[in-house]
Amino acid sequence: MASYRRGPGPEAQYDPYEPGPYGYDEGYDDGPYEDWDPGYDDGFRPSSRRRRPAKQRGSMARSGAVLGVGVIAAVGAGSSISQAQSKPPVAISMPDMGPVSDVAGAVGDSLPDAESLPGVGDLMPEKDQGPAPGTKTTSPFTQAGLSSEEVASGEASSGEALRARIMEQAEAQQAQADEQERVAMEQAAAQKAADEAEAAKKKELEQKKQAELEAKRKAEEEARRKAEEERLRKLAASYIVPVSNYTLTSTFGETSEHWATTHTGQDFAAPTGTPVKALHTGTIKEAGWAGSYGYRIVLELEDGTEIWYCHLSSMIKTGGKVTTGDTIGRVGATGNVTGPHLHLEVRPGGGDPVDPMPWMRNKGVGI
């Protein structure tokens, strides 16, 4: 590091190869340290390190030398400033070349044609032809989105025209989107209406079909009811044999030791429990135990004729109105009998008995 070294004379000489204040300079000693004053400029760089103050020997000579150098520098700087202020301003003149367009034209006229340049003329198209195939023509960025008429007329600025064109495109796109949405909504509404109409039509057809089925069912039911009524009417008006799977045994008018007088009815031999039916529509007038007749049911017909069912094992109907074919009791062997059978008597008007066989044949019973 360079330093000022005290020489033999009153002024210090600068020797860059001599050690500085941090070396073995005899002008410094190992005395006490103090902070370095930045205002004291002896040619050293500022540092945060502390330096040792030099001995006071020869300080006046060093201060004088520094003061002389500062005075010379100040005088030189003042002289330069005075000379700069006293000189007149230099006039700069430019040739009058006319408007900028004339200048550009003059410069353009001085330049050679691009077709005459080596290696470039072959790439340029003929003047009477358009751009070469595959080439693209470009315009300045400030004229993007402008039509040729707008560029030629120059009526509107390129920024405003570009903004207007962008806004116009945005509005067109928005209008197109709104139109598409409207069409989609109309189509959805039409589809919904069609679906609702189709559903209503199906529901109407289903209801109509159900109504037809219900009407058909009611008609069939009515027909069955009427048929049953007709059957019952005919059945009520008809006469039948009171038992099935029978055997005719004792007839009307026979005599025997089993009876006090002649036999007053017709016997139908059948197993015990065989159903006994009403041979015609009528009302049960009496039902119960009747001595030698055993369990007996008396059925009164509409014309007052009484039909006696005797020797029954059980009685199913004991009162009320019955119709031809209704089961009113079962074959048995109660009372004065020799075996299970139905003893049937016919008493017109509730009087004396008559022969049941011709009476039933007269009523249409095939027996």
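Nearest heavy atoms, F252 versus P356: CB-CD, 4.1 Å.
With sequence neighbours left out, D303 forms a side-chain hydrogen bond (donor to acceptor under 3.5 Å, both in side chains) with T305. A search for side-chain hydrogen bond (donor to acceptor under 3.5 Å, both in side chains) contacts involving R361 returns nothing, not counting sequence neighbours. Applying the side-chain hydrogen bond (donor to acceptor under 3.5 Å, both in side chains) criterion to T324, with sequence neighbours excluded, gives T281. Looking at residues two or more places apart in sequence or on another chain, you find a ring-ring contact (aromatic ring centres under 6.0 Å, His included) between F268 and Y246. In terms of the side-chain hydrogen bond (donor to acceptor under 3.5 Å, both in side chains) criterion, W359 has no residue partners (sequence neighbours excluded). Residues that satisfy the salt bridge (charged side-chain N to carboxylate O under 4.0 Å, His left out) test with E300, not counting sequence neighbours, are absent from this structure. Under the rule for a salt bridge (charged side-chain N to carboxylate O under 4.0 Å, His left out), K363 has no partner lying at least two apart in sequence or in another chain. Partners of E228 by salt bridge (charged side-chain N to carboxylate O under 4.0 Å, His left out), not counting sequence neighbours, listed by chain and number: R231. Scanning for salt bridge (charged side-chain N to carboxylate O under 4.0 Å, His left out) contacts around E229 gives R225, with sequence neighbours left out.
Residues E286 and E306 are not in side-chain contact: their nearest non-hydrogen atoms beyond the backbone lie 4.5 Å or more apart. At least one side-chain heavy atom of T264 sits under 4.5 Å from a side-chain heavy atom of H343. Under the 4.5 Å side-chain criterion, counting only non-hydrogen atoms from C-beta, Y309 is not in contact with I284. Residues I297 and V276 have side chains not in contact (no heavy-atom distance under 4.5 Å, counting atoms from C-beta outward). Between M360 and Y239 the shortest side-chain heavy-atom distance does not fall below 4.5 Å. Side-chain contact between K277 and P242 is absent, with no heavy atoms from C-beta onward closer than 4.5 Å.
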Which side-chain N or O atoms in residues 204-211 pair as donor and acceptor under 3.5 Å with protein atoms at least two apart or in another chain?
{"unit_1": "E206", "atom_1": "OE2", "unit_2": "Q210", "atom_2": "NE2", "d": "3.2"}

Taking only distance into account, with no hydrogens and no angle test, what donor-acceptor pairs under 3.5 Å do side-chain atoms of residues 311-322 form with protein atoms, sequence neighbours excluded?
{"unit_1": "H311", "atom_1": "ND1", "unit_2": "Y293", "atom_2": "O", "d": "3.3"}
{"unit_1": "H311", "atom_1": "ND1", "unit_2": "T334", "atom_2": "O", "d": "2.7"}
{"unit_1": "S313", "atom_1": "OG", "unit_2": "R330", "atom_2": "O", "d": "3.4"}
{"unit_1": "S313", "atom_1": "OG", "unit_2": "V331", "atom_2": "O", "d": "2.9"}

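A salt bridge does not link E220 to R217: none of the charged side-chain nitrogens sits closer than 4.0 Å to a carboxylate oxygen.
Distance alone, capped at 3.5 Å, is enough to place a donor-acceptor pair between the Q266 side chain and the S250 backbone. Between the side chain of H341 and the main chain of A333, no donor-acceptor pair closer than 3.5 Å is present.
Note on residues 174-199: pairs passing side chain to side chain donor-acceptor pair (under 3.5 Å), not counting sequence neighbours, are Q174-D178, E179-R182, R182-E186, Q191-D195.
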